[in-house]
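Here is how names work: the chains are called A, B, and so on, in the same order as the sequence lines, proteins then strands, and each is numbered from 1.
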Amino acid sequence: MGYALRLSSEFIAGIVVGVAIGWVIDEAAGTSPWGLIIFLMLGFGAGVLNILRSAGMVAEQSLKPRKGDGSAKD
Amino acid sequence: MNGREGVKVAGTDPIHQFQIRSLVDLHVGGLDVSFTNSSLFMVATVAIAGAFLYYSTATRGLIPSRMQSVSEMSYEFVANLLRDAAGKEGMRFFPLVFSLFMFILVANLLGMVPYFFTVTSHIIVTFALALLVIGTVVIYGMMKHGLGFLKLFVPHGIPAALVPLVVLIEVISFLSRPISLSVRLFANMLAGHITLKVFAGFVTSLSAFGAIGVAGAILPLAMTVALTGLEFLVAFLQAYVFAVLTCMYLNDALHPGH
């Protein structure tokens, strides 16, 4: 249950933020519904990216090997 | 709004345990800042965590007593977590991460006591904690790297044509962090406590049907016992997950764009 909740919350969070940004842009610029449509798509993309990151399929940016940093990691 | 009478009708209503009741009414300039049961348990959480750490380390024994080794273990645990994720310079955030970890852990465990209120089952509390983390990341990252912090959103090695799209997606992904961080903790606590209450409610309503009902109530009772164990695991696990993700985000603030 923990794993499922984690992944779904990552995905939903991406979409929610995308919708929120699109909606705010629409309200501010009067471009309804284009902002919502475009940012909903981007939100889906971000949600999928979030899931792949937390499932460890896409390397977390911060986990890539660093140069000039003494801390050796896996 | 004083829920004295609510206690009696509570019965098997699984949502009732999350109700916020005001204990001391306070209104400042039209704002409702009453001292509620939620505030009471936050104060209790801080007091218990602080008192435990203070008194268990008060003797400072070279050979630690049982309680002292528990608090030393929690220190070592969080310190290793932070050092692994964010390196040596991450240790300056140790007080923040350790306080967050202890607060969430003690709040979750307090929620496991019957009739107690679970602070972390309200999204506004967990969202405030997540905002604190992300605010620290953004402010510290901007202070340390200036505009270089924005390199966080541009992964290196992508074609120039894709940069605008990828940056937009990375920004949305970054903004969704506090939401997923807070929703995860809140949803786990809420779902767990509702499940526990529903299964425990089956026991009382089944046993109203006489002998057969009492015999049938054994199943949900066994389930409740098992779920209680699981909830203790979840209480610890969620505090751990929150601390781990905090460390990873702080690492982004320390080393963006690598």
task: State whether the number of non-hydrogen atoms from other residues, nucleotides or ligands found under 6.0 Å of B:M73 atom CE is greater than 12.
output: no
message: Are there over 12 heavy-atom neighbours, none belonging to B:Y140, within less than 6.0 Å of that residue's OH?
response: yes
- prompt: What closest approach, in Å, do B:S176 and A:V17 show between heavy atoms, and which atom pair accounts for it?
  reply: CA-CG2, 3.5 Å
task: Work out which heavy atom in A:G14 is nearest to a heavy atom in B:I172; give both atom names and the distance.
output: O-CG2, 3.7 Å
Find the distance between [atom1] ([X]) and [atom2] ([Y]) and round it off to the nearest 0.5 Å.
{"X": "B:I179", "Y": "A:I15", "atom1": "CD1", "atom2": "CD1", "answer": "11.5 Å"}
{"X": "B:R177", "Y": "A:N50", "atom1": "CZ", "atom2": "CG", "answer": "8.0 Å"}
{"X": "A:S54", "Y": "B:R184", "atom1": "OG", "atom2": "CZ", "answer": "7.0 Å"}
{"X": "B:L237", "Y": "A:R6", "atom1": "CG", "atom2": "CZ", "answer": "9.0 Å"}
{"X": "B:S173", "Y": "A:L52", "atom1": "OG", "atom2": "CG", "answer": "10.5 Å"}
{"X": "A:F44", "Y": "B:I169", "atom1": "CZ", "atom2": "CD1", "answer": "12.5 Å"}

statement: Under 4.5 Å to a heavy atom of chain B? For A:L42 that would be both
- request: Go through the structure and list residues passing side chain to side chain donor-acceptor pair (under 3.5 Å) with B:N108, not counting sequence neighbours.
  value: B:T120
